[in-house]
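A short worksheet on the structure shown next.
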Amino acid sequence: MSGRSADATDAPDVAAVRRRLDRVEDPELARSIVELDYVDRIEVSDGRVRVAFTLPTAWCSPAFAWMMAADARDEVDALGWVREVRVELHDHMHDEEITAGVNAGDGFGETFPDATGGVASVRATLADKARLARQYDAMNALLDAGVDPDQIVALRRSDVEVRDDGARVALDGVTVVADGDPVASYLGKAAASGHVTDPGDRLFLTPEADPIPIAEFETVHKRCRLAGVNMDGQGAVCDALNEARYGSETSGP
Amino acid sequence: MYRTEDGEEIFVVDSHVHFWDASQENIVHEGGEQFIQCFYDYHTAFTPEEKQWTLEEYRKYGADRMLEDLFGNAAADMGIFQPTHLDEFYDEGFNRVDDNAALAAEHPERFIVNGRFDPREGEAGLRELERQKEEYDIDGVKLYTAEWYGDSKGWRLDSEAAFEFLEKCSELGIENIHPHKGPTIRPLNRDAFDVADVDDAATSFPELNFVVEHVGLPRLDDFCWIAAQEPNVYGGLAVAAPMAVNRPRKFGEVMGELLFWLGEDRLLFGSDYALWDPDWLVETVMNAELTDEQRDEYGTELSTDVMRKVMGENAADLYDIDIEAKKRELRNDGVSERFGLTDHYAGGGTAAD
């Protein structure tokens, strides 16, 4: 289906909107909705923006769909020149309610009164899972650089600095340089989930957000791997559903 | 039975099959149409193109086709019915216990009938569960916590009402509890990623086995962590298994995690028929392998010994099936006669004859 992929011929204002939308994640997969090919259309006219998007199935959780629609609205709205933004969800069991609610600035609870719990707690839970998945990659980057598990669990936020040449890890007067991307990616998601924000905070945490006792390092490490496998596995399911529904442009295991 | 390249026989119990009717005449709520459309999306997403059904075939396939798909080429040896009533969506229900049982009665050697309960049905529900036990001697129940009922859009396994029903299961000797924890029909945020209720139920009823269908996907992480601590929690591989078709690497990772956290004794193969068809799925799963990297990472592999348990022995343990005796029984049953499978079963179990 045409129009679902980023287009190199985007007009500048459309490209600017697409860049903002690239910051919106599918909360379940912690991947950009642009990268996932959910965005069908971006129209810009006289400062008015219309964004249309579709999810892999009509049955995607309404809470997740809501988050993506609301985040898309907020991201586009943050562009200085945008006077009005309308986000439309299509081909979803609740497309009309979500489109109407998000564009009216209503809350999830007003649109779905029979939903229990708020969208905020769902968002927090998913952000926390993404934190763990990325912690696995960051821990592995440090292990690969020769940092020991007992050192890893003791590290504080201030012991690590990400620079162009990698993540610099301060260990008792010695500095070790590890692959920077996984560490930066982890720190971003940790901060977004409200953790590891102060210089004195432990760098890595258990799933329950406590410091990691050295005796539990292996288990925590494996649980972080598991969080990533779950997220990727669900990504594969969504991806396959998306292909089945819209035909395949890109694919890959 | 599946035969490996080395000629070893793998007895296959398909632990998750349906006998459904989603024909347009049976649909009484738009949810019923959306539900079958959603299933069909899953079907086409994870079925090789040449094996895909049309939507019309998929709505209602009938007993003959089901028997042929499951047993015609001996892909599966037995099937366990997992009912899904969905009475709010379908006039005569989607996949009802009594319809399952009627088909099973024609081929009792081949099918195990499971019941179901819904704690929101209260006293009448308890009586209904007793009826299912009495009439069909069920050993298990399928639970669909996302099912609609009046104004309610779902229920939890750790609720007081659910515990009353689990108590009743225990009393009646219904030992295998199969909660659906996977893709849901109208999840909102109610149970969109929550398997926590299984934890409490499994702790409170150690005498029951909780087979979490679809291994909690998309909450595999929560599921594995719970199962690692609760020895009576099992994983049903429906939905996970067909990932072997076009996402083999992901399938390997998921299997690696399951084997790491639960081990080879607590995983049950299921096709989710007619979502997918054992006719080709069994072979696809049996041919799946971990990559070298995955073998190193998980310290395990999908060996014949592991797969023999996953494909049949584990389900046989839960449902008291004596596999050798069963092979002898299947040699001359109606299904073997119809599909010419007598020779297929002739090799097994002769020593005990």
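Below, read A as the first sequence line, B as the second, and so on, with proteins coming before strands; counting in each chain starts at 1.
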* Structure fact -> Cut-off 4.5 Å, heavy atoms of chain A, and the answer for B/Phe260 is side chain
* **Under 4.5 Å from a heavy atom of chain A, the part of B/Glu253 involved** => both
To the nearest 0.5 Å, what is the distance between [atom1] ([X]) and [atom2] ([Y])?
X        : Y        : atom1 : atom2 : answer
A/Lys222 : B/Tyr298 : NZ    : OH    : 9.5 Å
B/Arg219 : A/Glu28  : CZ    : CD    : 8.0 Å
B/Arg249 : A/Asp232 : CZ    : CG    : 9.0 Å
A/Thr57  : B/Gln34  : OG1   : CD    : 10.5 Å
B/Thr44  : A/Glu243 : OG1   : CD    : 10.5 Å

Of all the heavy-atom pairs spanning [X] and [Y], show the shortest one and how long it is.
X        : Y        : result
A/Ala240 : B/Ala45  : O-CB, 3.4 Å
B/Trp261 : A/Thr219 : CH2-O, 4.3 Å
A/Ala236 : B/Met243 : CB-CE, 4.1 Å

Exceeds 12 heavy-atom contacts within 6.0 angstrom, atom [atom1] of [X]:
X        : atom1 : result
B/Glu49  : CD    : no
B/Glu160 : CD    : no
B/Glu88  : CD    : yes
B/Glu293 : CD    : no

* To do: State, with a plain yes or no, whether a side-chain heavy atom of B/Arg247 is found less than 4.5 Å away from one of A/Asp239.
  => yes
* Verify, without hydrogens or angle tests, whether B/Asp41 (side chain) and A/Ala244 (backbone) share a donor-acceptor contact under 3.5 angstrom. => no
* Asked: Does a side-chain N-to-carboxylate-O contact under 4.0 Å join A/Lys129 and B/Asp221?
  -> yes
* To do: Could you tell me whether A/Arg225 and B/Glu297 make a salt bridge, using a distance below 4.0 angstrom between a side-chain N and a carboxylate O?
  => yes
* Asked: What residue in A/Val229, A/Leu241, A/Asn230 has the most heavy-atom pairs under 4.5 Å with chain B?
  -> A/Asn230
